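Shown below is the structure under consideration.
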Amino acid sequence: MPELPEAETIARDLHPRLQEAKVTAVDVHHEDVLGRPGTGFGDALPGRVVAGVGRRGKNVVIAFQDEGRLLVNLGMTGRLVLSDAPGAADCRHVAVRLLLQDGRSLLYDDVRRFGLLELFEPEEWPARDAELGLEPLADDFTADALRDMTRRSRTPIRNFLLDQSKVAGVGNIYALEALFRAGIRPTRRANRVTRAEATSLRNGIRDVLEEAIANRGTTFSDYRDAAGERGGFEPLLQVYGREGRPCTRCGTAIKRKVLTNRSAFYCPSCQR
DNA sequence: AACGCGCCCTGTCCGC
DNA sequence: TGCGGACAGGGCGCGT
């Protein structure tokens, strides 16, 4: 499941390889990955030149020289792969292909098509950007800022962390890993997180995201980077997907509990 | 208004 | 071996 570290890895890899690239044509094989219907996606892209590739939350953002932006939410199984990368041959579910003037193409491949591609004109971007919450690696993601938000919510803290309008970029894997690091059970109501725990949680979120970026993300099943390669963080997961296996800290068997249709993994001894 | 739920989609796995 | 069903889950639309 691509979250912030996976989007960051893809953006960093694509940035030098897509700069100055000019889009000449667009092949849309599956329209259901296009958000914002009626924006003329296929007609509006040709002629644009890439200025750079960045990230907002868990979205890869391709910025064009005219300040238009293509936001790519990878959903569950989305991949952004260049046609000349070794992993391009593994893209068997290409939903959208951007053809480039230099002969390459950028493939958006997505088996389950939960992903979304949205094109924004310069004046449209600020409103979309404002819908996303704090960047967890930015300076303004402080313990106080996190606590100000958690104290106003009664939803389980795991669910709170998945809300992209609060903290942008954290998904199920890193939410659970950060909660383990902070010693907080995923089921705890957000407004029951103490001031001290909010500090631990803020630090846990930043640490796990930074460590995952350093390891090029987590491949649990489907994630691949822009070259089609797997991430390296999966062996370092402490709770996610480890039901029944011993806690790395205390040895207690990791538990799994379904919270609003999504698995939550935690150590019943370390997390209260 | 905040919150929870069902749905979208398809490859993989399990049991018979 | 083949097949049906359960399962995985990010984000969104909807109901409460």
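Here the structure is a predicted model, which means the values were calculated and not measured. Basis for what follows: all heavy atoms, side chains included, without hydrogens, waters or symmetry-related copies. In what follows, chains carry the letters A, B, and so on, assigned in the order in which the sequence lines appear, proteins first and then strands, with residues in each chain numbered from 1.
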Between C:dG9 (P) and A:L259 (CG): distance, integer Å: 12 Å
side-chain N/O A:R154 vs B:dC3 OP1/OP2, d < 4.0 Å: no
A:H30 side chain N/O closer than 4.0 Å to the phosphate oxygens (OP1, OP2) of B:dC9? no
Check ion pair A:D66-A:R48 (N to O, under 4.0 angstrom): yes
From CZ of A:R113 over to C1' of C:dG9, roughly how many Å is that when rounded to an integer? 16 Å
Euclidean distance, A:L146 CG relative to A:L134 CG, rounded to 0.5 Å: 8.5 Å
Looking only at side-chain atoms of A:T155, point me to the closest of C:dA8, B:dG4, B:dC9. B:dG4
What nucleic acid atoms does A:R158 come within less than 4.0 Å of, heavy atoms only: base, sugar-phosphate, or nothing? nothing
At what distance, to the nearest 0.5 angstrom, does CZ of A:R128 lie from CZ of A:R69? 12.5 Å
What contact category does A:Y240 fall into here, base, sugar-phosphate, or nothing, at under 4.0 angstrom with non-hydrogen atoms? sugar-phosphate
What is the distance, to the nearest angstrom, from the CG atom on A:L74 to the P atom on B:dC9? 19 Å
Looking only at the side chain of A:N159 (C-beta and beyond, no hydrogens), which of the listed nucleotides B:dG4, B:dG11, C:dG9 gets closest? B:dG4
Minimal heavy-atom distance between A:V208 and A:A178, with the atoms involved, is CG1-CB, 4.3 Å
Atom CZ of A:R256 to atom C1' of C:dA8: distance rounded to whole Å? 10 Å
Rounded off to whole Å, could you give me the CG-to-C1' distance for the A:D110 and B:dC8 pair? 12 Å
Salt-bridged, A:R195 to A:D144, with N to O below 4.0 Å? yes
For the side chain of A:S263, counting heavy atoms from C-beta on, which of B:dG4, C:dA8, B:dC3 is nearest? C:dA8
Do the side chains of A:L119 and A:V53 join up, straight or via other hydrophobic residues, at under 4.5 Å, putting them in one cluster? yes
Does a nitrogen or oxygen in the side chain of A:R152 sit under 4.0 Å from OP1 or OP2 of B:dC3? no
What integer distance in Å separates A:R112:CZ from C:dG10:P? 11 Å
Whole angstroms only, please: what is the CG-P distance between A:N172 and C:dC7? 17 Å
Please report the C-alpha distance between A:V23 and A:L100 in whole Å, then the side-chain angles of each, then the deciding distance to 0.1 Å, and finally whether the side-chain contact (heavy atoms from CB on, under 4.5 Å) criterion is met. CA-CA 5 Å; A:V23 179; A:L100 308 176; 4.2 Å; yes
Sugar-phosphate only, base, or nothing, as touched by A:S153 at under 4.0 Å among non-hydrogen atoms: sugar-phosphate
d(CD1, A:I157; P, B:dG4) in whole Å: 12 Å
Can you give one letter per nucleotide of nucleotides 11-16 of chain C, 5' to 3': B if a protein heavy atom sits under 4.0 Å from the base, S if only from the sugar-phosphate, - if neither? B-----
For the residue pair A:F265 and A:Y240, does the interplanar ring angle fall in the parallel (under 30°), tilted (30 to 60°) or perpendicular (over 60°) class? perpendicular
Among the nucleotides C:dG9, B:dC5, B:dG4, whichever has the atom closest to the side chain of A:N261 is B:dC5
